[in-house]
Protein chains: 4
Amino acid sequence: MTDVANGVAGHNGGVTDAPRRGRPRSAGADEAILTATLDVAREVGFRGMSMDVIAERAGVSKATIYRRWASKEALVLQALRSAINPMDEVDLGSVRADLVTYLNDLADRMASGNMTDVLPHLIEWAVHDEQLRVELDGYVAHRRQPLVAILTRGIERGEIRDDLDLDTIVDAFVGPFIYRKLLTGDAIDATLVDRLLALILPTITP
Amino acid sequence: MTDVANGVAGHNGGVTDAPRRGRPRSAGADEAILTATLDVAREVGFRGMSMDVIAERAGVSKATIYRRWASKEALVLQALRSAINPMDEVDLGSVRADLVTYLNDLADRMASGNMTDVLPHLIEWAVHDEQLRVELDGYVAHRRQPLVAILTRGIERGEIRDDLDLDTIVDAFVGPFIYRKLLTGDAIDATLVDRLLALILPTITP
Amino acid sequence: MTDVANGVAGHNGGVTDAPRRGRPRSAGADEAILTATLDVAREVGFRGMSMDVIAERAGVSKATIYRRWASKEALVLQALRSAINPMDEVDLGSVRADLVTYLNDLADRMASGNMTDVLPHLIEWAVHDEQLRVELDGYVAHRRQPLVAILTRGIERGEIRDDLDLDTIVDAFVGPFIYRKLLTGDAIDATLVDRLLALILPTITP
Amino acid sequence: MTDVANGVAGHNGGVTDAPRRGRPRSAGADEAILTATLDVAREVGFRGMSMDVIAERAGVSKATIYRRWASKEALVLQALRSAINPMDEVDLGSVRADLVTYLNDLADRMASGNMTDVLPHLIEWAVHDEQLRVELDGYVAHRRQPLVAILTRGIERGEIRDDLDLDTIVDAFVGPFIYRKLLTGDAIDATLVDRLLALILPTITP
DNA sequence: GATTAACCGAGACGGTACGTCACGTCTTTAA
DNA sequence: TTAAAGACGTGACGTACCGTCTCGGTTAATC
């Protein structure tokens with residue numbers, strides 16, 4: 001993934017390539033900016049937040065921000081990504097156990113809205129920002145991946161029928177989470193996980 | 001719900017109360033403005049749309065818009081509501097037939113942009129606009145209602161098990177639609193409907 | 001003087017021509033509007049005054065105002081004229097006595113700023129409003145007239161030299177009043193009158 | 001006089017105080033804006049002129065104008081001041097010669113529009129703008145000063161009686177100029193100067 | 001130690017949209 | 001026909017934010 005594809009201007013991603021000449025970028029600035037971005041977002045919402053305010057809050061000039069991110073959207077995206085912990089692969093030996101673990105983890109994350117409080121804004125921006133669309137797709141795929149892995153292993157082990165569309169199963173599990181989060185506002189908890197499993201597991205096991 | 005609670009300035013909502021004095025509001029203006037709003041939104045997105053452009057497109061002055069709606073957000077909300085056709089109740093005698101009909105209808109609506117192209121923006125706004133949140137909740141409930149009715153009838157007829165949580169079933173059906181629409185971008189079509197039914201129907205029938 | 005030259009739309013000037021059909025114009029409206037105009041002008045200045053406010057204050061609709069006056073300027077001018085008492089002709093037998101009387105009267109009027117508080121606004125408007133220019137010229141001529149009469153009589157009686165330009169004399173008397181009123185802000189009182197007479201009378205008497 | 005008292009936002013007045021941080025104000029912008037202001041004023045009058053047009057004409061954004069001047073009025077005042085050439089002191093050895101020179105200079109200036117075309121607007125604004133009032137008073141005093149000097153020298157030399165009020169003499173000379181300019185519209189030329197001198201000089205010389 | 005190049009903050013810049021206000025006109029119902 | 005009420009198109013207002021662009025001043029790595 002290049003910087004351009006990253007929507008990031010001149011970012012290094014932690015890789016130490018040839019040492020640059022001149023004054024190096026301020027070490028703490030990135031973090032200060034990302035933190036300020038999330039803070040401001042929490043306070044006034046993504047809609048009401050301005051680059052000037054973020055810059056001031058981070059104790060940084062606007063130019064410094066734009067030297068590191070190509071746009072407001074890119075900055076916000078980065079800020080959001082920095083707030084996400086990766087979902088761990090799960091392999092407890094049985095599909096049911098793996099699903100219980102994964103889905104409860106997902107439920108916890110969504111309920112405690114770190115990333116997800118901001119998901120609406122992300123989705124909205126992605127509509128008219130192709131770059132963000134790509135990023136968001138990557139995020140979604142990344143999120144689905146452990147679930148896909150669980151189910152694939154299940155098929156291999158014969159725990160899951162192999163005549164079903166895998167994407168549909170994933171959608172049936174994850175869809176309700178998203179739906180509740182974004183639209184109905186209903187609880188996303190262990191109860192939901194149990195009920196979903198009760199609804200879907202019987203069908204997908206041989 | 002009052003006009004104030006509606007976020008709308010001086011709107012009447014179709015109720016014919018005491019005949020107003022002075023020059024009445026231009027009859028076609030509301031419609032022209034709402035139409036222009038949706039047109040412009042479709043073309044440049046809600047993010048890129050400006051009140052000046054909407055006014056020009058509607059052949060109306062900005063002042064006229066602000067006389068009728070308190071803000072850009074209120075206008076957009078009204079425009080969206082006006083674009084929604086109510087989902088019909090379905091009762092073909094069997095739960096399976098009803099579900100097939102309802103879900104395919106939903107799939108058609110979601111695939112063909114109208115409301116849903118704008119759903120991301122709606123959701124985003126609702127985060128920081130309580131009134132819009134309420135409106136959106138109403139919309140969601142309205143959308144779920146026919147599905148709830150189908151399942152309730154099914155339980156009464158004994159076609160559906162009565163020991164399952166009804167909300168979870170609805171979520172399992174509708175969630176994947178929303179998830180695909182907003183995040184994965186996967187197709188929302190008859191195939192999805194068939195697969196979802198194959199996944200869930202076996203479990204919920206006795 | 002026609003209505004057009006008057007800057008007034010449809011005004012009657014007190015002449016009772018053919019009785020009109022339909023509802024007659026509200027009798028008190030003219031006065032109410034003019035009074036409201038002067039009131040508002042005194043409160044917020046001519047610059048800050050709006051037709052809507054005047055209409056509301058007069059208990060009258062804007063249309064009613066525009067039915068009677070062609071423009072804001074025309075209304076204001078009329079309001080100002082209505083506030084002016086005509087200057088009386090003076091003839092006490094001697095030029096000196098006449099001048100003392102006339103100039104002290106003028107000084108009183110200017111000091112107690114009825115018309116004159118508004119003179120700056122009038123002058124400013126007249127720059128780009130030919131109609132108002134004409135009106136204002138008429139007002140100025142009307143104001144000068146008694147002074148011209150005094151001096152003319154003086155010449156006829158031999159009290160005033162006949163080899164001087166009459167306009168210049170008038171200007172030398174009136175100019176300082178205007179100058180002080182509009183620019184220096186110095187007192188306009190009996191002392192000024194005395195000093196001006198002391199300055200100019202010796203020269204213009206044979 | 002501070003910037004605030006000046007009605008000007010952040011203006012420096014040529015004083016080189018502590019070196020400012022950040023990007024300095026565009027060097028030519030002030031002049032471009034002032035020039036554009038005067039140009040537009042000449043074309044459409046101060047009444048018909050808009051900030052947008054001035055900004056466009058100056059090749060500058062509206063924000064830049066408002067960064068430098070607090071209001072339209074403040075801008076116009078500055079523009080006017082920038083258009084005024086100071087009146088020179090005159091000392092040709094005799095009061096008569098000095099007066100002829102000064103008054104003809106004044107007549108020329110008043111006849112040829114520059115400042116005086118705008119004097120009505122200035123006066124009008126000063127009614128409701130205390131700052132402008134102060135500025136205008138300064139301008140007036142500045143304008144009177146050479147005339148006062150001429151007369152004072154005349155008194156010292158014994159060319160002018162010392163028992164007359166000096167201000168009244170000045171008013172008698174200058175008043176007619178203002179009166180003609182603002183109200184009567186009569187010519188302001190050498191003839192007027194000659195006649196005024198003929199009217200007043202005999203009295204004020206011993 | 002001097003040079004040099006990229007960085008830094010501050011903040012001005014041209015644009016563009018915002019929501020408000022006043023003008024003078026127009027369109028209702030009521031008198 | 002005129003009245004009050006008030007909506008209408010027009011167009012300017014002054015503000016906010018965008019992303020870019022100077023400034024004078026650091027801060028390293030190179031010479």
Side-chain angles (χ1 to χ4, degrees), chain A residues 9-10 18-27 29 48-56 58-72, chain B residues 10 19-27 29 48-56 59-72, chain C residues 9-10 20-26 29 48-56 58-72, chain D residues 10 19-27 29 48-56 58-72:
Chain A
R20 316 260 219 110
R21 298 229 315 162
R23 176 174 175 174
R25 292 223 175 130
S26 169
M49 120 196 153
S50 81
M51 294 300 265
D52 292 78
V53 170
I54 293 173
E56 192 187 12
V60 138
S61 78
K62 260 197 305 180
T64 296
I65 298 182
Y66 280 102
R67 212 173 286 117
R68 291 154 194 250
W69 290 276
S71 66
K72 190 177 173 181
Chain B
R20 316 261 246 100
R21 304 225 298 167
R23 176 173 175 175
R25 295 253 170 99
S26 170
M49 125 196 147
S50 84
M51 294 302 264
D52 291 79
V53 170
I54 292 174
E56 191 185 12
V60 138
S61 78
K62 241 192 329 174
T64 294
I65 298 182
Y66 280 102
R67 216 173 280 120
R68 290 155 192 253
W69 290 275
S71 67
K72 194 174 170 180
Chain C
R20 316 264 217 111
R21 301 224 312 160
R23 176 170 172 174
R25 288 207 177 150
S26 168
M49 119 195 153
S50 81
M51 294 301 266
D52 292 78
V53 170
I54 293 173
E56 192 186 11
V60 138
S61 80
K62 261 198 304 179
T64 297
I65 299 182
Y66 280 102
R67 213 172 286 116
R68 291 156 193 249
W69 290 276
S71 67
K72 191 176 174 180
Chain D
R20 316 258 250 101
R21 303 225 296 168
R23 176 172 174 176
R25 296 255 170 97
S26 170
M49 122 195 147
S50 84
M51 294 301 264
D52 292 78
V53 169
I54 292 174
E56 190 185 13
V60 139
S61 78
K62 244 195 321 179
T64 294
I65 298 181
Y66 280 102
R67 217 173 279 119
R68 292 157 191 250
W69 290 275
S71 66
K72 194 175 171 181

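Letters go in sequence order (proteins before strands), and every chain restarts at 1. Not measured: the values here are computed from a predicted model.
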Short side-chain N/O contact to [N] OP1/OP2 from [X], under 4.0 Å:
X       : N      : answer
A:Ser50 : F:dA16 : no
B:Thr64 : F:dG9  : yes
D:Arg21 : F:dC23 : no

Given 3.5 Å as the limit, does a donor-acceptor pair link the side chain of D:Arg67 with the main chain of D:Arg25, or not?
no
When you measure from the side chain of [X], which nucleotide among [options] comes out closest?
X       : options                : answer
D:Val60 : E:dG14, F:dC13, E:dG9  : E:dG14
A:Ala63 : F:dG19, F:dC17, E:dA10 : E:dA10
B:Ser61 : F:dT10, E:dC8, F:dC23  : F:dT10
D:Arg68 : F:dC13, E:dA12, E:dC23 : E:dA12

Does D:Arg23 make a side-chain donor-acceptor contact with the base of F:dC21, cut-off 3.5 Å?
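Such a pair exists between side chain and base.
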Base F:dG6 paired with C:Lys62 side chain (donor-acceptor, <3.5 Å):
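By the distance-only test, no, there is no pair.
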What pairs with C:Ala58 under side chain to side chain contact (heavy atoms under 4.5 Å, CB included), at least two apart in sequence or on another chain?
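Only C:Ala32, C:Ile33, C:Ala36, C:Val60 meet the side chain to side chain contact (heavy atoms under 4.5 Å, CB included) criterion with C:Ala58.
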Rounded to the nearest angstrom, tell me the gap between atom [atom1] in [X] and atom [atom2] in [N].
X       : N      : atom1 : atom2 : answer
B:Arg67 : E:dA22 : CZ    : P     : 13 Å
C:Ile65 : E:dT25 : CD1   : P     : 13 Å
D:Arg25 : E:dG11 : CZ    : C1'   : 9 Å
A:Trp69 : F:dC18 : CH2   : C1'   : 18 Å
C:Tyr66 : E:dA22 : OH    : P     : 12 Å
A:Asp52 : E:dA10 : CG    : P     : 12 Å
C:Lys72 : E:dT25 : NZ    : C1'   : 16 Å
D:Met51 : E:dA17 : CE    : P     : 21 Å

Do D:Ser50 and D:Glu56 make a side-chain contact, defined as non-hydrogen atoms from C-beta onward lying under 4.5 Å apart?
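Not touching, per the 4.5 Å side-chain cut-off.
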Nearest 0.5 Å please: distance from the OG atom of C:Ser61 over to the CG atom of C:Asp52.
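These two atoms lie 10.5 Å from each other.
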For C:Gly48 and A:Ala58, take the nucleotide of DNA chain E holding the closest heavy atom to each; which residue's nucleotide lies nearer the 5' end?
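Closest to the 5' end, via its nearest nucleotide, is A:Ala58.
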What pair of heavy atoms forms the shortest contact from D:Met49 to D:Lys72, and how long is it?
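So the two residues come closest at O-NZ, 2.8 Å.
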Want to settle it: does B:Ala29 or D:Met49 sit nearer the 5' end of DNA chain F, counting the closest nucleotide to each?
B:Ala29
